[in-house]
Amino acid sequence: MENLPMINEGNHSEKMEGNISGPGGSHATNILLNHDFSDGLKDWHPNCCYGYVVSVESGPQKEMTMESDGNYAVITERKKCWQGLEQDITDKISVGSTYMVSAFVGVYGRTPKSTHVKATLKLEHHDSGTSYLEIGGTSCVKGSWEKLEGSFSLSTMPDRVIFYLEGPSPGVDLLIKSVNITCSSPNDYEHTVIMNLILLDVCEFYILKMEGNISGPGGSHATNILLNHDFSDGLNDWHPNCCYGYVVSVESGPQKEMTMESDGNYAVITERKKCWQGLEQDITDKISVGSTYMVSAFVGVYGRTPKSTHVKATLKLEHHDSGTSYLEIGGTSCVKGSWEKLEGSFSLSTMPDRVIFYLEGPSPGVDLLIKSVNITCSSPNDYEHTVIMNLILLDVCEFYILKMEGNISGPGGSHATNILLNHDFSDGLNDWHPNCCYGYVVSVESGPQKEMTMESDGNYAVITERKKCWQGLEQDITDKISVGSTYMVSAFVGVYGRTPKSTHVKATLKLEHHDSGTSYLEIGGTSCVKGSWEKLEGSFSLSTMPDRVIFYLEGPSPGVDLLIKSVNITCSSPNDYEHTIINKGCVSTEDENIIINPQFDDGLNNWSGRGCKIALHDSMGDGKILPKSGKFFASATERTQSWNGIQQDITGRVQRKLAYEVTVLVRIFGNNVTTSDVRATLWVQAPDLREQYIGIANVQATDKDWVQMQGKFLLNGSPSKVVVYLEGPPPGTDILVNTLVIKHAAKTPPSTPPDCEIAAFGVNIIENSNLGNGTNGWFPLGSCTLSVQSGSPRIIPPMARDSLGPHESLSGRYLLVTNRTQTWMGPAQMITDKFKLFLTYQVSAWVRIGSGSTGPQNVNVALSVDNQWVNGGQVEIADGRWHEISGSFRIEKQASKVMVYIQGPASGVDLMIAGLQIFAVDRQARFKYLRRQTDKIRKRDITLKFSGLDSIGNLGTLVRVRQIQNDFPIGTCISRTNIDNEDFVDFFVKHFNWAVFGNELKWYWTEPQQGSLNYKDADEMLDLCQKNKIDTRGHCIFWEVDGNVQQWIKSLNKTDLMKAVQNRLNDLLTRYKAKFRHYDVNNEMLHGSFYQDRLGKDIRANMFKTAHQLDPSATLFVNDYHVEDGCDTRSSPEKYIQHILDLQQQGAPVGGIGIQGHIDSPVGPIVCSALDKLGTLGIPIWFTELDVSSSNEYVRADDLEVMLRETMAHPAIDGVMLWGFWELFMSRENSHLVDAEGELNEAGKRFLALKQEWLSHSHGYADAQGQFSFRGFSGTYNVEVVTLAEKVSKTFAVDKGDSSLVVSIDL
């Protein structure tokens, strides 16, 4: 054994001399690691920003006076005030002790005169969420270091404690020089024992390391990097993730009947409400880039489990600049009563800012059992490990010695009536936070508002650079309030800047709940005008305590400064709920309305007629029509066109890139029209005089009562003029409007994952499906007759079999439905209480029809959801055989009555149904299969062959391969207005490599009137794509559906129509020759026949032939919808195949099959079945207009993942286009990935995570022949080759293919 480094006599004598203080010394131990940044940012983590370390002498702040030399940290690229530098101190503090905090801090960049820096604790509790404790702060100015001081003491111990420094305004760099946290009250025997144990543990580890018992390269055992891996020390070093855990012994625990070769302990993780909840440990400082780590664990499950449930090991990878991603590293199936070994491995090509290892996976409500977890490095270089262990030993020894000398001090504090800190800004903005804006404090005497009358002197805060109305000034009051008490709020507020006559300021509480998201409570408000102070008053009382309560003042229009002078929150009396309710009810948001004179209290001022007259009324129709709100309403009368109506110019009152919501009270009157569509429309004129009409809301109005119309809009560009108007009813009918409100749209609260508890995947919810109990559970819909017969198929229909896997056979019995006198008559069953909201259900059955039909018959499995029809699948039958019917559905709102029934054939035709199944689909199970398929068909074996290497040193050459871009086409739909929004363009060019234009290439857009051509929009969009090397699809040359053909074309005779068609082809394909890679030639031919009806059957094939002659480089597509989902018999895969074959027989050069993909509740095997059938044609298939829709972002994300994984795993698919991604610019509600103002939702996060998954990375060493092999996707790669002499970086490309590829790289 090697000799241990000794703690020499000098160290002991220093201790005796007081240089390292004991109880009688003056120095206490700093619990922070690397407190002076002498080891870079080791042990620290920039929180969602970027950091680096520089020396005092050479750094950018070298002009700042600092008594000592050394290093300091620069925290930069900060976009939020809370972003800063953090360190986990969970294991370094104890309950009841008082800790003193000090740090030298500074700021750099474009700062105000003074800005605030503070120290905060983030306290994470697995059972009650996260809270924050501010422990000290200081004001900083550019060019000087300031000392920040504070203290804290915890009465209970959280599961995790993070210390962090934060605070300057966004964009300002935070500078940190030496941070100290010392215990002022401690001593303890217990602590001494713990420190001895830590010392002994590390010494023992070091000794074992030296002896070879913990092997290096020459040993047989690899080091487990996990602490307390066998739970011998309870759950120490582990954290249950939003659930609860405890440790029991193998012999005495509730799972003692489970066979386990070794004794010892295991962890039980319980009270799990989500499948991702489990047990985690931070391993950031224990792993390194390029090494491969092997993972193993013994796991089990307990509770009400399905036959088999999945447990997996996952890495959570946190990056300050690109968010969080997840890496699944292994998994196993578990059944109750047995332990299973989970195994996996991982290797990281880049180092995240934080790496969390965790075990997760059983269904919610099922306990996760964990017995011994190991993570070992399979490719160690143990010199580095030995050095690290020496450093750990020395650090802990030093810490142990210094610990003997802690100082003792006691806490102190006082309470004031006002619960707010620094309520009068006498200490600048200390304890306050400008919320995503900028603030400073000035004196009443000298500030810019000195002309405003104020009885008292003192200071006030100016909150400026406000881009949203909700931006203002906030303070955390979580620890200062209690449930049941009533709090009175008062503040003096004002406004400054370019304001309307009057604008609204309000006080709001932000209530954060760890389990149910964030809500907002408005507690008071007042109207302000420039030049005067107003008193804002209100009150609140909370019946339950949130995890965090933020008080803030907000409200003037964006761009208007908010002024705040003295804020008070005092406790008046408990349980005063009535007062709170009254105050809440009195608040008005009218002042936020950008419409002037919205209720016509000022007559018709600011209003005008759009092509008609307007009039003011207090009643109409002999007093039968009265205003619903206020005293007046207006009418748009003498209308001669449907677009005539009432309008207001709102130029200058709407801001680009802000979402606005519109609310209008309307009705109609006159001309014997009782009901009509009324629309709210924006007319927008750009500086170049380009005009745009934006439909923002519509409603079916009546002449009987007022109805409310609501909608949203966003302007991408900077318009020169904006007018909002109402239109729609036929000429001669008056539009009546009572009130119109346009205000900044409130943010939609984020979704929470559906709480499906233990979903019974694959379990049929249909009663007596096998008809073993006669017709029990079934009833006839209508006067038809049900009976049970035998002779139906015993096998499960193929699409259901793909979802269910091995399953018992069907009974061979079927329902015979006779005496049908209506198409809707058939068997029915109530399923109201048998389904769960937000789960996707697959529908499957065998169906057949009797004789007597005069042609093909549609059969439909339908649902009546509170009397609304929902399609569960359709099939067309033209013979006497059994046919598979398959479909899917999902219900997202609670229904009082849900019935399933089978309908469809003509009256008099008998209907037969066998083996109807409706079951929840386990999407995760299929994803596992799809991942394997994707690896098989999208990756190829690649060998890098290096030339220029020293053959002697080949084996020591490290190779790191990183894929930069996957070249599989993933594109999106864009519109001309989108490209005026730089945020949209940034996301578009970063995440998509193909584009299609929503409308701008369609004939009705490029030639709305005969001979009036408009290619300007398409030209500008094409130019953007070409500059960013984004390929484009041409959509579409023609559109076969009658409703999408412009009126002037419909008016042409056959000869002129044929000429117009030829002109369209010549104009478009000559202008853009070789610029569009694809063209959809004649859109939706399975759903329309406008050109074929007028020009004959040959016209469709001739369109393809002529297009190919004009642009031979373009691939010509057919394109249609509902091909893949089983819900439309007009466009079934069989019908589509026959349609394509017919075109080919007429000589049409069909080069691609377009499936639009506007799909609801997608089920993988149904989609895959359609692709398999179409794939038999041997023509490339694209999803051309993919979108999915759900009101819940997590479900929407699941739907999108289903479609993208099916796409990547199917060999016939060559590309996928999303039909947009930005809210308000999608054809379907609730289908966006990014909200209107640029925030990524869960569906967007899932999309980006999948794109990351489809990048290949690898690393290792070149072999003796100077080669390195791996398996990867096609696309662009970077390879880094590291030898003893140099490091070389090269870029190479991998083309699509399935054979092995050798890439020669000259170094």
Side-chain angles (χ1 to χ4, degrees), residues 930 933-940 963 965-973 991-996 1025 1029-1036 1074-1081 1083 1104 1107-1108 1111-1121 1123-1124 1133 1136-1137 1139-1140 1143-1144 1148-1159 1162 1164 1167-1187 1200 1202-1219 1247 1250-1251 1253-1256 1272-1276 1293-1299 1301:
L930 294 174
Q933 284 298 104
T934 300
D935 280 356
K936 286 180 183 177
I937 70 167
R938 299 293 176 194
K939 288 184 176 180
R940 64 190 303 186
Q963 188 169 13
Q965 185 175 32
N966 187 321
D967 67 6
F968 182 83
I970 299 180
T972 184
C973 167
H991 299 299
F992 298 97
N993 53 14
W994 276 69
V996 62
C1025 294
K1029 298 180 180 178
I1030 293 173
D1031 289 320
T1032 49
R1033 302 191 75 252
H1035 176 79
C1036 51
K1075 293 183 178 178
F1076 287 100
R1077 296 276 302 274
H1078 297 171
Y1079 280 106
D1080 295 328
V1081 176
N1083 200 35
F1104 275 84
H1108 181 65
D1111 189 354
S1113 68
T1115 303
L1116 304 181
F1117 275 69
V1118 291
N1119 192 48
D1120 230 303
Y1121 61 91
V1123 176
E1124 76 288 0
Y1136 209 13
I1137 289 169
H1139 169 63
I1140 295 165
L1143 286 170
Q1144 289 177 326
V1150 179
I1153 301 171
I1155 302 174
Q1156 290 184 8
H1158 303 294
I1159 190 168
V1167 174
C1168 185
S1169 174
L1171 297 178
D1172 287 346
K1173 292 170 184 175
L1174 291 167
T1176 61
L1177 291 173
I1179 301 173
I1181 303 171
W1182 280 59
F1183 278 107
T1184 54
E1185 304 179 18
L1186 177 65
D1187 57 22
L1200 183 64
V1202 168
M1203 294 305 295
L1204 291 178
R1205 285 201 184 280
E1206 293 292 342
T1207 294
M1208 286 295 286
H1210 203 285
I1213 293 284
D1214 273 12
V1216 58
M1217 307 291 296
L1218 304 189
W1219 201 241
F1247 171 70
L1250 287 169
K1251 289 204 69 188
E1253 180 182 323
W1254 295 326
L1255 293 174
S1256 302
F1273 293 102
S1274 61
T1276 306
V1294 173
D1295 294 328
K1296 180 181 176 183
D1298 51 15
S1299 60
L1301 176 70

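Ring geometry, His1158 versus Trp1219: the interplanar angle exceeds 60°, so the pair is classed perpendicular (tilted spans 30 to 60°). Between Tyr1136 and His1139, the angle of the ring planes stays under 30°, which puts this pair in the parallel group of the 30/60° scheme.
Listed here is the closest heavy atom pair of Ala1170 and Pro1133: CB-CG, 3.7 Å. The shortest heavy-atom contact between Gly1154 and Phe1117 is N-CD2, 3.7 Å. Shortest non-hydrogen contact noted between Gln963 and Ser1274 is NE2-O, 2.9 Å. Across every non-hydrogen atom of Ala995 and Ile1030, the tightest pair is N-CG2, 3.7 Å. Between Ala1114 and Tyr1079, the closest heavy-atom pair is CB-CD1, 3.7 Å. Closest non-hydrogen pair, Phe1183 versus Gly1157, comes out as CD2-CA, 4.1 Å.
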Show, in sequence, the C-alpha distance, side-chain angles and deciding distance for Arg940 and Ser1299, and conclude whether the side chain to side chain donor-acceptor pair (under 3.5 Å) test is met.
CA-CA 6 Å; Arg940 64 190 303 186; Ser1299 60; 3.3 Å; yes
From CA spacing to verdict: side-chain contact (heavy atoms from CB on, under 4.5 Å), Asp1214, Lys1296
CA-CA 11 Å; Asp1214 273 12; Lys1296 180 181 176 183; 3.2 Å; yes
Kindly indicate, with the supporting measurements, whether the criterion side-chain contact (heavy atoms from CB on, under 4.5 Å) is fulfilled by Thr1115 and Arg1077.
CA-CA 6 Å; Thr1115 303; Arg1077 296 276 302 274; over 6 Å; no
Please determine whether side-chain contact (heavy atoms from CB on, under 4.5 Å) holds for the pair Ile970 and Thr1207, giving the CA-CA distance in whole Å, both sets of side-chain angles, and the decisive distance to 0.1 Å.
CA-CA 10 Å; Ile970 299 180; Thr1207 294; over 6 Å; no
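Using a 4.5 Å cut-off on side-chain heavy atoms (C-beta onward), Trp1254 and Arg938 make no contact. The shortest distance between side-chain heavy atoms of Met1208 and Leu930 does not fall below 4.5 Å. The side-chain heavy atoms of Thr1184 and His1035, taken from C-beta on, include no pair separated by under 4.5 Å. Contact of the Val1167 side chain with the Arg1205 side chain is not registered, since no non-hydrogen atoms from C-beta on lie closer than 4.5 Å. Proximity of Val1216 to Phe968: side-chain heavy atoms (C-beta onward) are separated by under 4.5 Å at one or more points. Side-chain atoms of Asn993 and Asp1031, non-hydrogen and from C-beta on, never get closer than 4.5 Å to each other. The shortest distance between side-chain heavy atoms of Lys1251 and Leu1204 does not fall below 4.5 Å. Ile1155 is listed as a side-chain neighbour of Leu1171, based on a closest heavy-atom distance under 4.5 Å.
Of the possible donor and acceptor atoms, one in the side chain of Asp1111 sits under 3.5 Å from a partner among the backbone N and O of Ala1074. For Ser1256 (side chain) and Phe1273 (main-chain N/O), a donor-acceptor pair under 3.5 Å exists by modelled atom type.
For Tyr1121, the ring pair (Phe, Tyr, Trp, His ring centres under 6.0 Å) partners at least two apart in sequence or on another chain are His1087.
For the side chain to side chain contact (heavy atoms under 4.5 Å, CB included) with Leu1174, the lone residue among Ile1213, Ile1179, Ile1181 that qualifies is Ile1181.
Rounded to the nearest 0.5 angstrom, Leu1186 CG and Thr972 OG1 are separated by 10.0 Å. For the atom pair CD1 of Ile1153 and CD1 of Ile1140, the computed distance is 4.0 Å after rounding to the nearest 0.5 Å. Atoms CG and CE, from Asp1187 and Met1203 in turn, are 10.0 Å apart once rounded to the nearest 0.5 Å.
Using modelled atom types and a 3.5 Å distance limit, the side chains of Asp1172 and His1210 yield a donor-acceptor pair.
Between Glu1185 and Arg1033 there is no salt bridge, since no side-chain nitrogen of the basic residue lies less than 4.0 Å from a carboxylate oxygen of the acidic one.
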